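Scroll down for the structure; my scribbles are underneath it.
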Amino acid sequence: AMLRRLAAGDPKEKAATFAYANLAAPMLTGTLVTIAGFVPIGFAMSSAGEYTFSIFAVVGITLIVSWFVAVLFAPLIGMYLLKAPKDAAEKPPGAVLRAYTGFLTAALRLRWVTLALTIGLFGASIYGLRLVPQQFFPSSDRPELMVDISLQQNASIYAAEDAAIRLDKALAADPDVERWSTYVGRGAIRFYLPLNVQLANPFFTQAVVVAKDVPARERLQAKLDTLLAEEFPDAIGRTAPLELGPPVGWPIQYRVSGPDVEQVRAIALRLADVVAGQGQTWRVNFDWMEPLRQVRITIDQDQARQLGVSSASLATMLNTKVAGQTVTQVRDDIYLVNVVMRATDNERVALDTLANLQVPIPGGRTVALSQFAVFETGVELPQIWRRDRVPTLTVQADVRPGALADDVVAALAPKIAAFSAALPKPYKVELGGIAEESAASRQSVMVVVPAMVLIMLTVMMFQLQSFQRLFILVSVMPLGLIGVVAALLIFQRPLGFVAILGILALLGMIAKNAVILIVQIEQDRAEGRSVWEAAVSAASGRFRPLMLTALSTVLGMLPIVPTVFWGPMAIAISGGLLVATLLTLVFLPTLYVTWFGGRPPPPKAAL
């Protein structure tokens, strides 16, 4: 704007104040609208919002500061650095600007064709969304690999330790392993924010394996998958890289709920067959399922009372003999280590030995446990998970390499719906895993979208003060979807949660450019130009700054395009902003001229 006024002959002070007076308000409106586009990111009340709030905070502060820099500092520097172009009046516009002006004029003359083509492209982009792969959050590009081994739920911690030792031997001999840590009876400590922390269970072992690099991690994962299948056939083994976004664990999960445990187990078994029938699922398993053997001690209460033995004292004695009881502690550096007293192994592993266990009774005498107790064997479910106090069994599975969990869930949806419809009440199947977390996170964003729209419309209405001009602006905002879909399809990147946040932010960026262009058209009309001339003049005058802004934004996104987490968002914003800027410079003037009835200037008479 300063260069244009200097070329028109204004002194530097007037050129600088002209730029401030005419552009500060619409730029502030555009800045606030852009920040409003990030409101759903900042106020998403979900676990995913924990990872994205910093985007809203950083962008909001940066844009406000950049507005002050643009309208105050930039004119001040311009007064010292800019010079009036020599022979500006005679200097013809550049080839790019001439080509754009000619194209715009043709688009205005064929206004209905221009509008129809743009609407057609927008409709094609909506249809093209079906072709874009869906993904909630990608896996991390860190070299760590999580290895989980879940034994039968009645297995002792010694069995888990033995599994850990066998796994350690395999890792020690693998050249792709840099280092690793093994945890027996519990999961790894939360060294990473999105880590799926595991409960402490004696039957569980987890290892955090650090590969030498990401390709080594992928090779190592394939080898460990084979190792777990061959060396630990009775265990549920899983290898997976670290997650990005909210921790989910098994990506495919379906919860079966109902009042009767046996019926829930039967339904879950049938559901597992449905899930396993989808070609992209594997490692189908349950969070609890198998009944396991149990030893019950039935006490003859009459004889026990005659001997003066209570059930509580007997339980304490048996627990001390079998499991052990802490009698004191010893200090090891900063740690306190329990000293546990219990019977020796040969005294507590056989039922015959326990039956002959001498129980002290009043009077200083002892009596064999078999005199008033009987040992019985049976089966029971060692662990039952409940959800809302109702027994709930989760069928869970992994997806094969190269497949996306969202696509697998979408393919299973008709079969799961038919399966669920055939269940007797009150039994039901609920979707869990990545699909559930994704829906919850997206819902938390969409809840805030009405507030975002209200803020945008309010700010733009204060600037435009016209429902007609506001309608034109709002008509341009969704057109960025054309570039978003095209860019994601070209670069084969998924549309995930972060990319959706980028699309919402893109609305604010498009609105900012549209506001400035509409204000410029109104200013040119106020100077006495016709609707047609004002649209062409304003669009030609704003062509270079709008395109430079878009290109600089795209270039600023380039460093994060290759990243796993931010890459889809950068591609979505870059493609959407480039296409939307071009459409803003063509579609918006065409719609403006069409709406306000602009007519082309009469051809110049021939000499």
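Throughout, residue positions are numbered sequentially from 1 according to the sequence presented. Note that the structure is predicted; figures quoted are calculated from it, not measured. We use all heavy atoms of the structure for the numbers below, so side chains are in, but hydrogens, waters and symmetry mates are not.
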Euclidean distance, [Y] [atom2] relative to [X] [atom1], rounded to 0.5 Å:
X	Y	atom1	atom2	answer
Ser140	Phe565	OG	CZ	10.5 Å
Met509	Leu504	CE	CG	11.0 Å
Ile297	Leu318	CD1	CG	4.5 Å
Gln383	Glu290	CD	CD	13.5 Å
Leu507	Met452	CG	CE	5.5 Å
Phe191	Ser181	CZ	OG	8.5 Å

Please report the closest heavy-atom contact between [X] and [Y], naming both atoms and the distance.
X	Y	result
Ala36	Met456	CB-CG, 3.8 Å
Thr239	Leu228	CG2-CD1, 3.7 Å
Val132	Gln134	O-NE2, 3.2 Å
Asp287	Gln153	O-NE2, 2.8 Å
Pro138	Leu244	O-CB, 3.2 Å
Pro241	Leu145	N-CD1, 3.7 Å

Asn338 and Val327: CA distance, side-chain angles, deciding distance, side-chain contact (heavy atoms from CB on, under 4.5 Å) verdict
CA-CA 8 Å; Asn338 292 333; Val327 294; over 6 Å; no

Passing option when Phe419 is tested against Val275, Val429, Asp273 for side chain to side chain contact (heavy atoms under 4.5 Å, CB included):
Val429

N/O donor-acceptor pair under 3.5 Å between [X] side chain and [Y] backbone:
X	Y	answer
Ser66	Thr62	yes
Ser574	Ile571	no
Thr34	Gly508	yes
Gln294	Glu380	no
Thr392	Val390	yes
Arg190	Leu193	yes
Asp225	Lys223	no
Thr563	Ile560	yes
Arg493	Ala572	no
Thr394	Gln396	no

Tell me, do [X] and [Y] make a side-chain contact under 4.5 Å, heavy atoms counted?
X	Y	value
Thr281	Arg400	no
Trp180	Val208	no
Ile236	Trp250	yes
Leu404	Val399	no
Thr205	Tyr183	no
Leu224	Leu167	yes
Val339	Gln329	no
Arg186	Asn201	no

Can you confirm whether more than 12 heavy atoms, excluding those of [X], are under 6.0 Å from its [atom1] atom?
X	atom1	result
Phe375	CZ	yes
Arg179	CZ	no
Arg386	CZ	yes

Salt-bridge criterion met for Glu436 and Arg255 (N-O under 4.0 Å)
yes

How would you list, by chain and number, every residue that makes a ring-ring contact (aromatic ring centres under 6.0 Å, His included) with Phe43, sequence neighbours excluded?
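Listed in chain order: Phe56.
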
List the steps, then state whether side-chain contact (heavy atoms from CB on, under 4.5 Å) holds for Lys428 with Leu423.
CA-CA 7 Å; Lys428 61 181 179 179; Leu423 294 179; 5.6 Å; no

Before you tell me yes or no, could you show the steps for Val147 and Gln206 under side-chain contact (heavy atoms from CB on, under 4.5 Å), namely the whole-Å CA-CA distance, both residues' side-chain angles and the distance that decides it to 0.1 Å?
CA-CA 6 Å; Val147 183; Gln206 186 174 67; over 6 Å; no

Quick one, Arg217 with Asp176, criterion salt bridge (charged side-chain N to carboxylate O under 4.0 Å, His left out). Give me CA distance, side-chain angles, the key distance, then yes/no.
CA-CA 7 Å; Arg217 184 197 73 184; Asp176 289 326; over 6 Å; no

Could you please spell out the steps behind the side-chain contact (heavy atoms from CB on, under 4.5 Å) verdict for Ile384 and Leu381?
CA-CA 7 Å; Ile384 299 177; Leu381 293 167; 4.0 Å; yes

